[in-house]
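First up is the structure itself, then whatever we jot down about it.
Everything numeric in this text was worked out from a predicted model, so none of it was measured. Below, chains carry the letters A, B, ... as their sequence lines are ordered, and counting in each starts from 1.
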Amino acid sequence: MLTRAPKGTKDILPEETWKWQAIEKTAADICSEFGYREIRTPVFEHTELFQRGVGDSTDIVRKEMYTFTDKGDRSITLRPEGTAGVVRSYVENGMASLPHPVKLYYFMTIYRYEKMQKGRLREHHQFGVEVFGPEGPGADVEVICLLSMLFDRLKIKGVKLRINSIGCPKCRPVFRETFIKYLEPLYDDLCDACKTRYNINPMRIMDCKSETCSNIVKGAPSVTDYLCRECAVHFEGLKAGLENMGIVYTLDRNIVRGQDYYTRTVFEFVSDNVGAQGTVCGGGRYDGLVAECGGPSTPGIGFGLGMERLFLEMDSCGCPPPGEEPQGPAVYIAVTGREADAAACKLACELRKAGISAETDLMGRSLKAQMKYADKIGAAYTIVIGSSEMDSGSGEIKDMKTGITMSIQISADKIAEIIREERND
RNA sequence: GUGGGUAUAGCUCAGUUGGUUAGAGUGCCAGAUUGUGGCUCUGGAGGUCGUGGGUUCGAAUCUCACUAUCCACCCCA
């Protein structure tokens, strides 16, 4: 217990963290090119926020939340998705009075009590974006465009965009009625899960993967045929906008998504390389959510992208991470005779001040062992300091790649100068 | 919540029809004449064989339960 991380969690070790940093930087750079600013919100929120925001009938709220009562007798939940908290913050901090659109991005951990599987964890990381204000499809196009640019810059080719429109509170009930009427005579043929869905949230039957259900759905009326004029125009605008940007998409009328707050546009980027969990990124429009959370009626759109799934995708298609793996120090200062420790420590520190990475022995090891260590960590140069160097003030610097040594004066300035020269060759 | 596979050293894995001090490779530490890494050689540390019961003279090996892990269903990022 003591030496095992909780189920569904994963350590990200030093050999991986540099990749995370590189990808996060790539995403953050793109966001700032698009004019998005970073927001950081708490890991936990009042449970009610998710019940109201995400929706009581969703699986996320019904069976996947990490909910507990704190010492003040409040019901608290570890965020099971990113949007609700950002919306809460938008309302609470009066962002409604900022010039619109308000464009935000985030990197956050997400918590869901799930059974583990490839590409599915109990704590996972998401990169996400939220836009508040715009009503027209331009914002929908922009966030998809941003994602497309990210995949492009990461050289990811295997993810495919799928879009759909699920209508608005005006037209969805009409479709819903028609859909239910269509299903009624077929009720007995539905799978058990869908029988439950029929009563709670019939729209979800559309993305059931069981053969009988998906056959039933094939013959069902399509949401997109029942959109009200405004929703239809919006959807057409989205498609035209994507085409204008040269972004390839496929219509998938079975995309429903797991949050109740979505209206009109919903979309996913899917891949075959991340196990059975094909969705690398999912998002959509939520025109009623800000009002639902107590703010002024404000349309919004956003997405969440699963970082772990992005890594699976990159690994399986051999995309190298952007950026470079950290190198060893420029200089390793080995010590012989412990009386040189203090001098080595000082020299290392002076080198660092001069912008040269430097390490020295902390383990009290033999000179030979120190050289071995310098080699293993990939130090570019080594210098040995002992009594003779301290007396004479001069010594040797060794290029670890070639093994060639040259004599130098033991001073941070001289060493820094030589290393800079060598680097420029 | 439902199904199936797996569980031996930090890591990757051997381990015969059950047989007594459980192995290899790699990694780690130390040494191979005194102040210089990589190659090589030698030595060392490191395992309650996932946990708990059962069968047996004897279990890493057979059996049951539990736990963990991986994969699929479900759901989602």
Taking only the [atom1] atom of each, what is the distance from [N] to [M] in whole angstrom?
N	M	atom1	answer
B:A68	B:G23	P	32 Å
B:G19	B:G1	P	39 Å
B:A14	B:G25	P	16 Å
B:C57	B:C64	C1'	22 Å
B:A45	B:G50	P	23 Å
B:U12	B:U48	C1'	23 Å
B:C39	B:U51	P	36 Å
B:A59	B:U21	P	11 Å

Is A:Asp361 close to A:Ile333 at the side-chain level, that is, under 4.5 Å between some pair of heavy atoms? no
Heavy-atom side-chain contact between A:Phe311 and A:Ile23 under 4.5 Å: yes
Would you mind reading off the distance between [X] atom [atom1] and [N] atom [atom2], rounded to a whole angstrom?
X	N	atom1	atom2	value
A:Lys118	B:C71	NZ	C1'	9 Å
A:Glu359	B:G37	CD	C1'	15 Å
A:Met400	B:C39	CE	C1'	15 Å
A:Glu114	B:A72	CD	P	13 Å
A:Lys368	B:U33	NZ	C1'	11 Å
A:Lys160	B:A77	NZ	P	20 Å
A:Met116	B:A68	CE	P	11 Å
A:Glu308	B:C76	CD	P	18 Å

Strand partner of [N], provided both Watson-Crick or wobble distances fall under 3.5 Å:
N	answer
B:U48	none
B:C73	B:G1
B:A68	B:U6
B:U12	B:A24
B:C62	B:G54
B:A32	B:U40

How about A:Glu313 and A:Asn273: does a side-chain donor come under 3.5 Å of a side-chain acceptor? yes
Short side-chain donor-acceptor distance under 3.5 Å, A:Glu130 and A:Thr83: yes
Kindly indicate whether the side chain of [X] and the base of [N] share any N or O donor-acceptor pair separated by less than 3.5 Å?
X	N	result
A:Arg120	B:C71	no
A:Glu389	B:G35	yes
A:Ser388	B:G35	yes

Should [X] be listed as having a side-chain N or O under 4.0 Å from OP1 or OP2 of [N]?
X	N	value
A:Lys376	B:C29	yes
A:Lys115	B:C74	no
A:Gln259	B:A77	yes
A:Arg365	B:C29	yes
A:Gln117	B:C70	no
A:Lys7	B:A68	yes
A:Arg257	B:A77	yes

Using side chain to side chain contact (heavy atoms under 4.5 Å, CB included) as the criterion, point out the one residue from A:Ile397, A:Thr405, A:Ile356, A:Ile415 that pairs with A:Tyr381. A:Ile397
When we call it a touch if two heavy atoms are under 4.0 Å apart, what does [X] touch: a base, just sugar-phosphate, or nothing?
X	answer
A:Leu121	base
A:Gly119	base
A:Val280	sugar-phosphate

Are any of the side-chain nitrogens in A:Asp287 or A:Arg285 under 4.0 Å away from the carboxylate oxygens of its partner? yes
Both A:Glu81 and A:Gly386 contact RNA chain B. Taking the nearest nucleotide for each, which residue is further toward the 5' end? A:Gly386
Got more than 12 heavy atoms from elsewhere within 6.0 Å of OH, A:Tyr66? yes
Might you confirm whether atom CD of A:Glu339 has over 12 heavy atoms from other residues, nucleotides or ligands at distances under 6.0 Å? yes
Taking A:Phe132's backbone N and O only, do any of them form a donor-acceptor pair with A:Lys103's side chain (distance below 3.5 Å, no angle check)? no
Please list, in numerical order, the residues of residues 329-339 of chain A that have a heavy atom closer than 4.0 Å to any atom of RNA chain B. A:Thr336
Looking at residues at least two apart in the chain, or sitting in another chain, which of them share a side chain to side chain donor-acceptor pair (under 3.5 Å) with A:Glu45? A:Arg88
